[in-house]
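In each ligand, atom 1 is the first atom listed, and ligand 1 is the first ligand listed. Any value given below was found using the heavy atoms of this structure, including those in side chains, with hydrogens, waters and symmetry copies removed. Here, residue 1 is the first one in the sequence, and each next residue gets the next number.
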Amino acid sequence: MPIATISDLRLPAKRRLPSFVFDYLDGGAGNESGLQRNISAFDDIQLKPRMLTNIEERDLSTTLMGRKWSLPFGTAPIGFCNLMCPGAEQAIARAAVEANIPCILSTAGTTSLEKFKEFAPENAWFQLYVSRVLEIADDLVKRADEAEYETLVVTVDIPISARRPRDIRNNFSVALSVTPRFVWELVSHPAWSLATLMAGIPRFENMERYTSETAAKPVAGFVSSQISGKFDWDALKKLRDRWKRKLVVKGLLSTEDSVKARNMGCDAIVISNHGGRQLESLPSPIDVISEIRAAVGPKFPLILDSGIRSGEHIVKALAAGADFILIGRAMMFSVSALGVSGAKTAIEILSDEFSRCLAQIGYTDIGSLKAAAPIIRRR
Ligand SMILES: Cc1cc2nc3c(=O)[nH]c(=O)nc-3n(C[C@H](O)[C@H](O)[C@H](O)COP(=O)(O)O)c2cc1C
């Protein structure tokens, strides 16, 4: 069946992936009300159309942190990315280059930051988790600098690992355990299993050098053990002083924190609740973006993620105050369902929907959309 929407890709992804992998991707914290709200909050916003404007020529490009991008969205960092599809990180990087959008590699990604930069020399950003052992974070920053990353994204919304019920029930951790059920899942999802076995179990290529362990399971355990709650504003200030290029803070949700990050000299922030993966009671970014915009002023770059599943969502987020969007699961459902070709498909669907939505409500570019802010909030 032809793929019409990002939602059409979720069920094929579910069929293709072993359930413990799909649940890792699809699941969230608690009873997942936060995850659901991230998506449904967009339904509570309507778009006010204006008719009889000439919309034949549309410009979907935007400038963020001094660089022009062809579309107002990029791809979010995803830990253990190639578990969903071997070669996913490379495919996402290549698709991002082709579309001229940024792509972000996670510290917990499965491609080394040096290699990822080669896949997307001008588009790659690196996302840093500041590890419990500070020397590791120091070295990651040094490596990102040496690899000439233009943008470092420091994620601050994982002070502690989350309880994700689906992962707990599946006995899933980044350290995969071989149990009878695990074996059954492999056997009953042969396409994924074969592709993964042929490519080799994905490795934490950024982190594995910092442990003497070599087997996949202890390396993965080591990666999890590096989650640390010690990173604070003083440490962020030191990172800001040290990193001379663009610094983005990912995972803020309050006006106070956003203003503080701006005043500290960060170049942008990502308003995000980590896709509902950390705590179900956090606000949805789309519900707080307008108040954060009012607090930080019109010029400070605000990036938004969590719950973006369509081009209309992107229009709403921009109209509500965001400057740029990151797509997480939307991209990962696509590569999980379609394989590496899915990277391009996700970008094509979202950009086509975005362009049509813009036209339908009578705007030809992002500047005029943001200036008019044509949204009605139902609650
Ligand atoms: C499977 C998975 C792994 C993720 N890993 C990371 C990560 O390593 N670093 C990070 O900053 N965010 C990570 N995130 C959060 C995403 O970057 C992004 O904030 C989130 O997916 C946005 O929500 P959405 O999936 O609803 O679009 C992950 C999200 C998912 C779904």
Hey, does I78 come in under 3.5 Å of ligand 1, counting only N/O atoms on both sides?
-> no

Taking only heavy atoms of Q127 into account, list the atoms of ligand 1 that are under 4.0 Å away from them.
-> 7 (C), 8 (O), 9 (N), 10 (C), 11 (O)

Take K14 and D26 through the salt bridge (charged side-chain N to carboxylate O under 4.0 Å, His left out) test and state the conclusion after the steps.
-> CA-CA 9 Å; K14 185 173 185 180; D26 191 56; over 6 Å; no

Winner among K250, M332, R277, M84 once heavy atoms are compared against atom 31 (C) of ligand 1 | R277

Cationic tip of R166 within the cone over Y24's six-membered ring, i.e. under 6.0 Å and within 45° of the normal?
-> no

Side chain, backbone, both or neither: the part of S106 lying under 4.0 Å from ligand 1 by heavy atom | side chain

Identify the closest protein heavy atom to atom 7 (C) of ligand 1: which residue and atom is it, and at what distance?
-> Y129 OH, 3.0 Å

Ligand-residue contact atoms, ligand 1 with A76, heavy atoms, under 4.0 Å = 16 (C), 17 (O), 18 (C)

If Ile, Leu, Val, Met, Phe, Trp and Tyr residues are connected whenever their side-chain heavy atoms lie under 4.5 Å apart, and connections chain through other members, are I104 and F324 in the same group?
-> yes

CG-CZ distance between L35 and R164, expressed to the nearest 0.5 angstrom = 10.5 Å

Atoms of ligand 1, numbered as shown, that sit under 4.0 Å from any heavy atom of D305 = 18 (C), 19 (O), 22 (C)

When you measure from atom 3 (C) of ligand 1 to each heavy atom in G307, G79, G275, which option holds the nearest one?
-> G79

Expected output: side-chain N273 to main-chain G275 donor-acceptor under 3.5 Å | yes

Under 4.0 Å from a heavy atom of R309: give me the atoms of ligand 1 that qualify, with their elements.
-> 24 (P), 26 (O), 27 (O)

Could you grab the distance from atom CD1 of I39 to atom OG of S306, nearest 0.5 Å is fine?
-> 10.0 Å

Give a yes/no on ligand 1: does S272 have at least one heavy atom closer than 4.0 angstrom to it?
-> yes

Could you check whether the rings of W125 and W69 sit parallel, tilted or perpendicular, using 30° and 60° as the cut-offs?
-> perpendicular

Check against ring pair (Phe, Tyr, Trp, His ring centres under 6.0 Å), F73 and F354 | CA-CA 10 Å; F73 62 89; F354 174 68; 7.5 Å; no

Heavy-atom contacts under 4.0 Å between F80 and ligand 1: side chain, backbone, both, or neither?
-> neither

Among all protein non-hydrogen atoms, which one is nearest to atom 6 (C) of ligand 1, and what is the separation to 0.1 Å?
-> P77 O, 3.2 Å

N or O pair under 3.5 Å between G328 and ligand 1 = yes

For the pair F20 and F182, evaluate ring pair (Phe, Tyr, Trp, His ring centres under 6.0 Å) and give the outcome as yes or no after the intermediate values.
-> CA-CA 8 Å; F20 61 90; F182 176 84; 5.1 Å; yes

How does T155 reach ligand 1, if at all, at less than 4.0 Å between non-hydrogen atoms: by side chain, backbone, both, or neither?
-> side chain

